[in-house]
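Bear in mind that the values here come from a model prediction, so they are computed numbers and not experimental data. A note on names: the letters A, B, ... follow the listed sequences, proteins ahead of strands, and every chain is numbered from 1.
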Number of protein chains: 2
Amino acid sequence: MTENKHSGNLSPEFALLGFLIAGQSHGYDLHQKFTAELGHVWHLSQSQAYAILKRLETRGDISAHIVEQEKLPARQMLRITAQGRKRFFEWLELGIGTNARSIRLEFLTRLFFAQLHRPESISQIYRSQTNEIESSIVKLETLIEHLPPEQVYNRLSLDLRLQQLRLIQNWMAEIRTQFHISRI
Amino acid sequence: MTENKHSGNLSPEFALLGFLIAGQSHGYDLHQKFTAELGHVWHLSQSQAYAILKRLETRGDISAHIVEQEKLPARQMLRITAQGRKRFFEWLELGIGTNARSIRLEFLTRLFFAQLHRPESISQIYRSQTNEIESSIVKLETLIEHLPPEQVYNRLSLDLRLQQLRLIQNWMAEIRTQFHISRI
DNA sequence: AGATATATACTCATCCAGTGAGTATATATG
DNA sequence: CATATATACTCACTGGATGAGTATATATCT
């Protein structure tokens with residue numbers, strides 16, 4: 001019940017969708033953009049990118065049509081569908097991460113695309129994330145309190161997680177000033 | 001080049017091996033032990049545990065033999081092989097994690113088993129981990145320095161990672177006192 | 001006595017994550 | 001002239017993870 005139970009740790013998927021909101025593109029280009037803009041947030045290999053795009057297509061979030069090129073290999077031009085657009089904005093405004101890693105990854109990714117496509121909802125996204133952190137800090141604190149004292153390693157692990165969450169609070173407070181996000 | 005590039009993020013595997021060092025056991029029991037002792041360090045579902053054990057068997061790290069029971073379903077009794085033992089102790093003394101998550105997970109797991117099976121090498125394990133952190137802090141700092149200023153999100157991500165590494169340094173210093181690990 | 005919950009012990013189908021190598025061509029650089 | 005880099009994508013394979021299913025035994029509650 002600790003990690004890995006992502007209601008969806010799937011944001012490279014959403015990031016690819018997010019780049020397609022701005023207009024049609026193809027796998028190679030999307031991967032390039034991704035690496036340039038979010039390469040230190042996530043790592044996404046080229047083949048992974050293609051795999052995800054394939055999945056998005058079979059799901060109906062994007063549509064592909066082949067564009068022949070005279071000299072270079074043909075491109076699969078990709079467009080986001082109405083369904084994909086819907087899924088993307090749902091993720092953008094509703095998704096929240098609760099552990100250090102997923103906050104760094106998911107939250108930053110959401111912030112990036114909110115800035116691009118929905119600047120007006122940034123403060124709402126920000127607030128729902130901070131609330132989430134607040135409440136998971138409380139949960140962790142009570143968990144630690146009630147942990148049998150002989151569970152040394154579990155305690156050390158939870159302690160570090162708690163400290164990491166507090167660190168993230170400070171980091172987010174800095175983001176608030178950097179992005180001029182108003183309180184409430 | 002940021003996350004996910006674990007030379008092996010495989011420590012639940014090694015943890016299962018580690019429990020088998022103490023003597024033969026079976027899947028159900030190993031999963032129970034795991035959850036009780038490291039359940040807040042890792043999450044490992046029962047079916048995952050069985051899947052990993054199956055893999056360890058085909059690799060030759062453990063051997064299985066069926067023990068019929070009168071009333072309850074038969075058990076697959078598992079024993080660690082010489083090869084498995086070798087792999088385990090190599091991991092115990094050589095493995096190192098470099099990001100926040102893998103340190104929390106892997107390092108704590110190694111510490112747990114070192115305490116059980118190799119208390120004399122704890123201080124060596126501890127030191128190689130702190131050295132690793134030290135050097136990855138340095139790497140991160142130079143990376144951040146040379147990051148083009150327009151890469152706002154990459155910078156935020158790396159900043160947080162850096163702060164997390166510093167946090168881990170403090171956390172590990174506390175572990176040193178708690179476990180009476182000598183410096184050098 | 002009967003119902004329900006919990007513990008024992010494991011299997012299976014399914015999907016997502018991730019790597020590494022391969023294929024093929026074009027243009028730029030030494 | 002050779003080599004490196006950029007364009008554009010495919011494939012095979014392994015590992016990670018969940019959720020549900022199977023089957024029986026014992027303990028607990030009413």
Visitor: Write out a two-atom table: protein N or O, nucleotide N or O from nucleotides 13-15 of chain D, distance below 3.5 Å.
Guide:
unit_1, atom_1, unit_2, atom_2, d
dG15(D), OP1, Arg59(B), NH2, 3.2

Visitor: Are Leu30(A) and Ile21(A) in one and the same hydrophobic cluster, where Ile, Leu, Val, Met, Phe, Trp and Tyr link if side-chain heavy atoms are under 4.5 Å apart?
Guide: yes
Visitor: Return the value, rounded to whole Å, for the distance between atom NZ of Lys54(A) and atom C1' of dA12(D).
Guide: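 Taking NZ of Lys54(A) and C1' of dA12(D), I get 15 Å after rounding.
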Visitor: Which atoms form the tightest heavy-atom contact between Ser157(A) and Val41(B), and what is the distance?
Guide: OG-CA, 3.5 Å
Visitor: Does any pair with a residue in residues 18-45 of chain B pass salt bridge (charged side-chain N to carboxylate O under 4.0 Å, His left out), and if so which ones, sequence neighbours excluded?
Guide: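 Qualifying pairs, neighbours excluded: Asp29(B)-Lys33(B).
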Visitor: Atom CG of Leu44(A) to atom C1' of dA17(C): distance rounded to whole Å?
Guide: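 The distance from CG of Leu44(A) to C1' of dA17(C) comes to 10 Å, rounded to the nearest Å.
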Visitor: I need the minimum non-hydrogen distance between Thr81(B) and Gly60(B), along with the two atoms involved.
Guide: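 For Thr81(B) versus Gly60(B), the nearest heavy atoms are OG1-O, 2.7 Å.
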Visitor: Going by the rule ring-ring contact (aromatic ring centres under 6.0 Å, His included), which residues pair with Tyr28(B) if we only count those two or more places apart in sequence or in a different chain?
Guide: none
Visitor: Given atom CD of Gln76(A) and atom C1' of dA8(D), what is their separation to the nearest angstrom?
Guide: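 Distance, rounded to whole Å: 10 Å.
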Visitor: Within this structure, what is the CD-to-P distance between Glu57(B) and dC10(C), rounded to whole angstrom?
Guide: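 Checked: the CD to P distance equals 12 Å.
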Visitor: Using the side chain to side chain contact (heavy atoms under 4.5 Å, CB included) criterion, which residues pair with Arg59(B)? Sequence neighbours excluded.
Guide: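 Side chain to side chain contact (heavy atoms under 4.5 Å, CB included) list for Arg59(B), sorted by chain: Glu13(B), Arg55(B), Leu56(B), Asp61(B), Arg87(B).
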Visitor: Roughly how many Å is it from CD1 in Ile66(B) to C1' in dT8(C), rounded to a whole number?
Guide: 17 Å
Visitor: Taking NE2 from His65(B) and C1' from dC10(C), how many angstroms apart are they, rounded to a whole number?
Guide: 17 Å
Visitor: Check nucleotides 19-21 of chain D for protein N or O atoms closer than 3.5 Å to its own N or O atoms and list the pairs.
Guide:
unit_1, atom_1, unit_2, atom_2, d
dG19(D), O6, Ser47(B), OG, 2.8

Visitor: Whole angstrom is fine here: how far is it from CG in Leu53(A) over to C1' in dC9(D)?
Guide: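 Taking atom C1' of dC9(D) as the reference, CG of Leu53(A) is at 11 Å.
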Visitor: When the ring planes of Phe113(A) and His117(A) are compared, do they come out parallel, tilted or perpendicular, using 30° and 60° as the limits?
Guide: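 Phe113(A) and His117(A): parallel rings.
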Visitor: Spell out, yes or no, whether Leu108(B) and Leu167(B) are grouped together once hydrophobic residues are joined by side-chain heavy atoms under 4.5 Å, including indirect joins.
Guide: yes
Visitor: What residues in residues 25-37 of chain B put a non-hydrogen atom under 4.0 Å from any atom of DNA chain C?
Guide: His26(B), Gly27(B), Tyr28(B), Gln32(B)
Visitor: Rounded off to whole Å, could you give me the CD1-to-P distance for the Ile52(A) and dC11(D) pair?
Guide: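 That distance rounds to 18 Å.
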Visitor: Testing the basics here: between His31(A) and Ser45(A), what is the closest heavy-atom pair and its distance to 0.1 Å?
Guide: NE2-C, 3.6 Å
Visitor: Assign the ring pair Phe112(B) / Tyr153(A) to parallel, tilted or perpendicular, where the plane angle (0 to 90°) is split at 30° and 60°.
Guide: perpendicular
Visitor: Before you tell me yes or no, could you show the steps for His40(B) and Leu147(A) under side chain to side chain contact (heavy atoms under 4.5 Å, CB included), namely the whole-Å CA-CA distance, both residues' side-chain angles and the distance that decides it to 0.1 Å?
Guide: CA-CA 10 Å; His40(B) 289 284; Leu147(A) 197 72; 4.0 Å; yes
Visitor: Does dC10(C) have its OP1 or OP2 closer than 4.0 Å to a side-chain nitrogen or oxygen of Tyr50(B)?
Guide: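 Yes.
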